[in-house]
J.: 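One structure coming up, written as structure tokens, with questions to follow.
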Amino acid sequence: SPISGLLQYSNSNISSPPLQYYSFSHEQNSTYSVFMQVCKAWQPLLSLQIYSNNQLQMVLLSCQNPSFHFTTSCKVLRFTFSESRFILCPESPKTGRKGFSNHAMICSFIVMKCEGFSMITDLVDYLNNNLLIAHYCGFDISAPLPSYWTFDRFLKQLDNDVLSSIMKSQVLYLSKQGIVDTSFIGLDSTPIAANTSQNNPKSFLSNKFKPDNQPKADTDCKLGVHTASNQTNEKKYEFYWGYKNHVLVDCISGLPIYELTTTANVHDSTVALDILADTHAFLPITECTFLADKGYDVKNIYNQVQELYQGECIIPLNKRSTKNPKLLPQGNPVCDAGLAMWKDGKFSDNGRTRQKFCCPPKSSKNADCPCHHKNFYNGKKHRGCTKYITIPDDLRLSVDRDSKYFKSNYSLRTECERYNSRFKNTGQERMWVRNKSSVTNLNTISHISLLAVAVAAITTGAGQSYRKLKAVKRIA
């Protein structure tokens with residue numbers, strides 16, 4: 001009979017009923033609806049029940065995709081989420097109505113990100129059309145499944161510390177398996193656009209990116225800027241309203257270690273030290289090599305990595321609109337007239353030591369400037385040209401960024417970009433929720449989902465890649 005589903009039949013008159021399985025092929029949906037009506041008519045005669053809570057006597061399931069056989073999401077949930085990882089997340093509240101299981105709700109969001117859904121409505125439709133997945137998540141499929149508003153309210157009220165503890169347990173498990181290592185770690189941020197019409201590129205409002213024009217749809221988001229081109233010689237930037245997700249990635253395995261969500265106006269370098277400290281609290285990063293882009297080129301990061309973690313930083317120099325003066329082999333700059341400038345003392349300013357240079361005619365009373373520079377005829381007592389060069393007395397300026405060692409190690413930072421690409425494929429490039437709490441929880445769930453793929457690939461031992469979701473689909 002060309003009927004869709006999996007039928008588990010038992011005779012209730014037998015104390016220990018053996019289960020008999022009858023599988024059917026997927027064909028027409030109309031045939032399936034007729035079969036459902038026949039089962040309901042025969043249910044009193046056969047003493048069948050549809051999915052009781054304690055004893056699975058009959059399960060009729062239909063799948064939206066006929067080739068969907070215990071999908072990737074089921075495998076990921078089975079291999080990743082044991083009861084030990086839900087210790088900090090109670091199954092239900094101690095008082096009041098129990099409602100839906102917290103574990104089932106979290107698992108359903110894991111399914112959402114494994115399938116790449118960005119909207120909760122897609123998750124609701126998916127679970128209603130794939131009851132097998134809902135059963136694996138932990139829902140009672142004989143009762144109505146959670147609605148859109150139930151998922152939205154749960155996502156907003158869920159404590160992010162619960163999700164963070166799950167992610168930490170995954171990282172520690174992968175570390176024990178020898179997959180995650182902190183020898184080479186990279187930090188990068190990803191822009192996440194908020195759900196507001198002011199981010200619409202087709203909107204021609206002149207003040208849509210004014211800092212005081214806060215979007216009404218999402219009062220938590222802030223105005224930020226991100227690069228719109230990867231070309232080094234092209235400075236192209238785009239403004240947006242939204243958030244940032246800062247991710248610390250293992251540059252060898254390409255898996256996340258720690259993540260933090262902030263508003264878009266928070267600079268990358270301001271949260272770097274906090275992320276390293278929180279990571280070191282549960283996974284030591286001693287003697288690490290810290291890789292980052294120019295946005296993290298701050299003196300404090302160099303000092304803290306060396307002093308606290310005995311590590312080193314591989315970060316390109318951010319010149320910050322400074323000019324490179326023409327220097328002689330001895331290190332003396334050359335003035336506009338082509339003359340070698342003389343040293344004229346040192347001084348300290350804002351924690352840095354600077355060497356002062358002046359042009360030769362400046363120290364002579366009767367000399368004249370060969371190029372007739374305007375600074376020489378300004379009528380002031382201290383006439384002439386002066387230049388300042390910062391003496392490299394700190395770690396930031398002592399790094400040899402032209403060496404082969406620096407370039408070979410910095411090439412590992414591309415793993416951060418690759419992981420950010422996989423993170424965006426889970427549906428996190430643009431948000432459809434409208435508050436920071438929901439955005440933060442969805443970001444953490446996305447990282448948990450990608451770590452779950454690695455855990456599933458390792459647990460099965462099938463030799464598949466622990467980075468690609470498609471590879472896990474082959475072992476499902």
Side-chain angles (χ1 to χ4, degrees), residues 70-86 89 103 106-117 133 136-137 162-188 190 245-260 275 278-279 282-285 288 291 412-428 441-476:
F70 298 97
T71 75
T72 304
S73 303
C74 295
K75 289 289 184 179
V76 168
L77 294 175
R78 179 185 297 176
F79 292 132
T80 305
F81 296 99
S82 60
E83 292 298 327
S84 62
R85 292 195 174 97
F86 282 122
C89 180
H103 298 180
I106 294 177
C107 287
S108 62
F109 279 108
I110 301 296
V111 171
M112 174 183 174
K113 290 301 147 186
C114 285
E115 298 300 330
F117 299 146
I133 309 300
Y136 267 91
C137 289
V162 174
L163 299 176
S164 298
S165 65
I166 297 175
M167 181 177 176
K168 290 178 182 178
S169 66
Q170 291 177 301
V171 173
L172 292 175
Y173 172 78
L174 294 172
S175 178
K176 291 180 181 179
Q177 298 297 323
I179 303 300
V180 172
D181 186 28
T182 58
S183 298
F184 294 89
I185 53 177
L187 184 60
D188 198 7
T190 303
N245 187 245
H246 310 264
V247 190
L248 186 67
V249 179
D250 175 17
C251 293
I252 302 299
S253 64
L255 296 175
I257 300 176
Y258 188 86
E259 64 90 24
L260 178 65
I275 291 176
D278 293 342
T279 304
F282 74 94
L283 186 66
I285 58 174
C288 67
L291 311 173
L412 297 175
R413 201 194 71 85
T414 55
E415 285 296 336
C416 297
E417 304 294 343
R418 294 189 183 99
Y419 178 78
N420 286 336
S421 178
R422 299 199 302 271
F423 173 75
K424 292 180 180 179
N425 287 337
T426 61
Q428 292 299 106
N441 290 333
L442 278 179
N443 288 338
T444 308
I445 289 173
S446 298
H447 296 298
I448 292 175
S449 302
L450 295 175
L451 286 172
V453 171
V455 174
I458 295 170
T459 307
T460 56
Q464 300 290 343
S465 175
Y466 49 78
R467 305 180 189 180
K468 300 178 181 178
L469 184 61
K470 292 182 179 180
V472 185
K473 286 185 178 181
R474 300 189 187 102
I475 65 176

J.: Just by modelled atom types, is the Val171 backbone N or O under 3.5 Å from a matching donor or acceptor in the Ser175 side chain?
T.: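 The answer is no, because no donor-acceptor pair under 3.5 Å joins these two groups.
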J.: Please round to the nearest 0.5 Å and tell me the distance separating atom CG of Asn245 and atom CG of Leu260.
T.: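 Result: 8.0 Å between the selected atoms.
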J.: Rounded to the nearest 0.5 Å, how far does CD1 of Ile448 lie from CD1 of Ile166?
T.: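 Ile166 CD1 to Ile448 CD1: 5.0 Å, rounded to 0.5 Å.
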J.: Could you pull out the closest heavy-atom pair between Val111 and Cys137, with the gap in Å?
T.: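 Nearest heavy atoms, Val111 then Cys137: CG2-SG, 3.7 Å.
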J.: Angle between ring planes, Tyr258 versus Phe282, binned at 30° and 60°: parallel, tilted or perpendicular?
T.: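 Because their plane-to-plane angle lies in the 30° to 60° range, the rings of Tyr258 and Phe282 count as tilted.
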J.: Is there a side chain to side chain contact (heavy atoms under 4.5 Å, CB included) between Leu450 and Leu255 once you walk through the steps?
T.: CA-CA 8 Å; Leu450 295 175; Leu255 296 175; over 6 Å; no
J.: Specify the closest pair of heavy atoms between Phe423 and Ser446, including all atoms of both residues, with the distance to one decimal.
T.: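 Answer, listing the atom of Phe423 first, then Ser446: CE1-CB, 3.6 Å.
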J.: Going by side chain to side chain donor-acceptor pair (under 3.5 Å), name the residues that satisfy it together with Asp250, two or more places apart in sequence or in a different chain.
T.: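 Checked Asp250 against side chain to side chain donor-acceptor pair (under 3.5 Å); matches are Ser253.
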J.: When rounded to the nearest 0.5 angstrom, what is the spacing between CD1 in Ile257 and CG in Leu174?
T.: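 Ile257 atom CD1 to Leu174 atom CG measures 10.0 Å (nearest 0.5 Å).
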J.: How many angstroms lie between CE in Met112 and SG in Cys107, if you round to the nearest 0.5 Å?
T.: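 Met112 atom CE to Cys107 atom SG measures 14.5 Å (nearest 0.5 Å).
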J.: Within a strict 4.5 Å, meaning less than it, do heavy atoms of the Ile179 and Tyr173 side chains meet?
T.: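 Not touching, per the 4.5 Å side-chain cut-off.
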J.: How close do Gly186 and Cys251 get, counting heavy atoms only, and between which atoms?
T.: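 Result for this residue pair: N-SG, 3.4 Å.
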J.: Say you draw a straight line from CG of Asn420 to OG1 of Thr190; how long is it, rounded to the nearest 0.5 Å?
T.: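 It is 3.0 Å, given to the nearest 0.5 Å.
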J.: Using every non-hydrogen atom in the two residues, find where Pro256 and Met167 come nearest and quote the distance to one decimal.
T.: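 So the minimum-distance heavy-atom pair works out to CB-CE, 4.1 Å.
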J.: Go through the structure and list residues passing salt bridge (Lys or Arg N to Asp or Glu O under 4.0 Å) with Glu259, not counting sequence neighbours.
T.: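 Once residues adjacent in sequence are excluded, Glu259 has no partner under the salt bridge (Lys or Arg N to Asp or Glu O under 4.0 Å) criterion.
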J.: With heavy-atom distances below 4.5 Å as the criterion, would you say the side chains of Ile445 and Leu163 are in contact?
T.: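 They are in side-chain contact.
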J.: Taking all non-hydrogen atoms of both residues into account, name the closest pair between Val247 and Leu187 and its distance.
T.: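 Val247 and Leu187 have their closest heavy atoms at O-CD1, 3.3 Å.
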J.: With rounding to the nearest 0.5 Å, note down the distance linking CD1 in Ile285 to CD1 in Ile185.
T.: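 Result: 4.5 Å between the selected atoms.
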J.: Can you name the closest pair of heavy atoms from Gly427 and Lys113 and give their distance?
T.: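 Where Gly427 meets Lys113 most closely, the heavy atoms are O-NZ, 3.9 Å.
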J.: For residues 413-422, which residue pairs pass the salt bridge (Lys or Arg N to Asp or Glu O under 4.0 Å) check, not counting sequence neighbours?
T.: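 Found Asp188-Arg413, Arg413-Glu417, Glu415-Arg418, Glu415-Arg467.
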